[in-house]
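Accompanying notes for the structure given below.
The sequence lines fix the lettering, A, B, ..., with proteins before strands; numbering per chain opens at 1.
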Amino acid sequence: RKEVEQDPGPFNVPEGATVAFNCTYSNSASQSFFWYRQDCRKEPKLLMSVYSSGNEDGRFTAQLNRASQYISLLIRDSKLSDSATYLCVVNMYRNRDDKIIFGKGTRLHILP
Amino acid sequence: EPEVTQTPSHQVTQMGQEVILRCVPISNHLYFYWYRQILGQKVEFLVSFYNNEISEKSEIFDDQFSVERPDGSNFTLKIRSTKLEDSAMYFCASSVDKYGYTFGSGTRLTVV
């Protein structure tokens with residue numbers, strides 16, 4: 001099993017729709033989780049951290065399921081500007097040190 | 001909003017030459033990272049740096065790579081003898097507490 005796995009997509013979704021994607025991780029000892037978005041040829045930008053209790057930021061909801069080892073991102077009322085690649089990032093603390101693993105990303109295209 | 005600054009934005013170098021990529025992390029951040037992204041591929045972790053020493057490095061970060069924080073503000077990545085396969089976008093990132101990372105806009109390294 002890959003350390004961090006995402007469906008590469010693309011997800012083609014009409015504007016205004018709700019879209020969700022998951023990310024699975026292999027190491028049950030993983031400690032912190034993030035969603036980043038990356039626009040074409042740009043740097044990754046933090047979208048949101050993912051907390052155990054789940055968290056929401058406007059139209060975005062992130063959830064963590066430790067038992068099944070996945071995190072999810074839900075985007076409601078999608079906008080054209082949401083078109084990007086969404087990167088799942090898992091920080092697997094190993095002893096005291098970081099091991100930060102990126103998923104390959106899920107491409108999202110919002111269609112007008 | 002504080003930024004991570006990387007220079008140059010694009011560097012072209014001949015195979016076998018040494019390159020130094022420069023980064024100025026956010027001033028109150030304590031954890032520093034280098035990542036790379038080969039065109040069309042996922043973001044790969046290279047190295048993390050804390051308290052003036054490397055805390056974690058990946059298999060990619062071999063003897064040809066080194067990092068330095070020479071003066072308390074800059075954080076550099078040196079590649080001693082570049083290979084064609086080192087061509088990639090190199091991202092610097094910093095973090096205040098390992099929860100969420102701010103990325104620079106990257107240096108595109110082209111080895112010819």
Next item on the list: Calculate, to the nearest 0.5 Å, the distance between atoms OG1 and NZ belonging to B:Thr102 and A:Lys45 respectively.
Entry: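 Interatomic distance, B:Thr102 OG1 to A:Lys45 NZ, rounded to 0.5 Å: 10.5 Å.
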
Notebook entry, point to check: Roughly how far apart are B:Lys42 NZ and A:Ile101 CD1, rounded to 0.5 Å?
Noted result: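 Interatomic distance, B:Lys42 NZ to A:Ile101 CD1, rounded to 0.5 Å: 6.5 Å.
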
Item checked: Heavy-atom proximity to chain A below 4.5 Å, by part of B:Gln37 ->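 B:Gln37 touches chain A through side-chain heavy atoms alone.
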
Next item on the list: Could you check A:Glu43 against B:Gln6 for side chain to side chain contact (heavy atoms under 4.5 Å, CB included), going step by step and ending with a plain yes or no?
Entry: CA-CA 11 Å; A:Glu43 73 275 21; B:Gln6 287 187 246; over 6 Å; no

Atom [atom1] of [X]: over 12 foreign heavy atoms under 6.0 Å:
X        : atom1 : value
B:Arg108 : CZ    : yes
A:Glu15  : CD    : yes
A:Arg59  : CZ    : yes
B:Glu85  : CD    : yes
A:Gln63  : CD    : no
B:Asn28  : CG    : yes

Note to self: Any side-chain to backbone donor/acceptor pair from B:Tyr101 onto A:Leu46? Under 3.5 Å, distance only.
What the structure shows: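 No, B:Tyr101 side chain to A:Leu46 backbone: no donor-acceptor pair under 3.5 Å.
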
Item checked: A:Lys42 to B:Phe91 - nearest heavy-atom pair and separation ->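 Taking A:Lys42 first and B:Phe91 second, the nearest heavy atoms are O-CZ, 3.7 Å.
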
Next item on the list: Could you look at A:Tyr36 and say if it's the side chain, the backbone, both or neither that has a heavy atom under 4.5 Å from chain B?
Entry: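 A:Tyr36 touches chain B through side-chain heavy atoms alone.
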
Next item on the list: Counting only heavy atoms closer than 4.5 Å, note whether A:Lys104 contacts chain B via side chain, backbone, both or neither.
Entry: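 Both backbone and side chain of A:Lys104 come within 4.5 Å of chain B.
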
Check: Going through the distances and angles, do B:Val43 and A:Leu87 end up as a side chain to side chain contact (heavy atoms under 4.5 Å, CB included)?
Finding: CA-CA 9 Å; B:Val43 177; A:Leu87 305 174; 4.2 Å; yes

Next item on the list: Group every Ile, Leu, Val, Met, Phe, Trp and Tyr by side-chain heavy-atom contacts under 4.5 Å, then state whether B:Leu21 and B:Ile60 land in the same group.
Entry: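 In one cluster with B:Leu21: B:Ile60, yes.
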
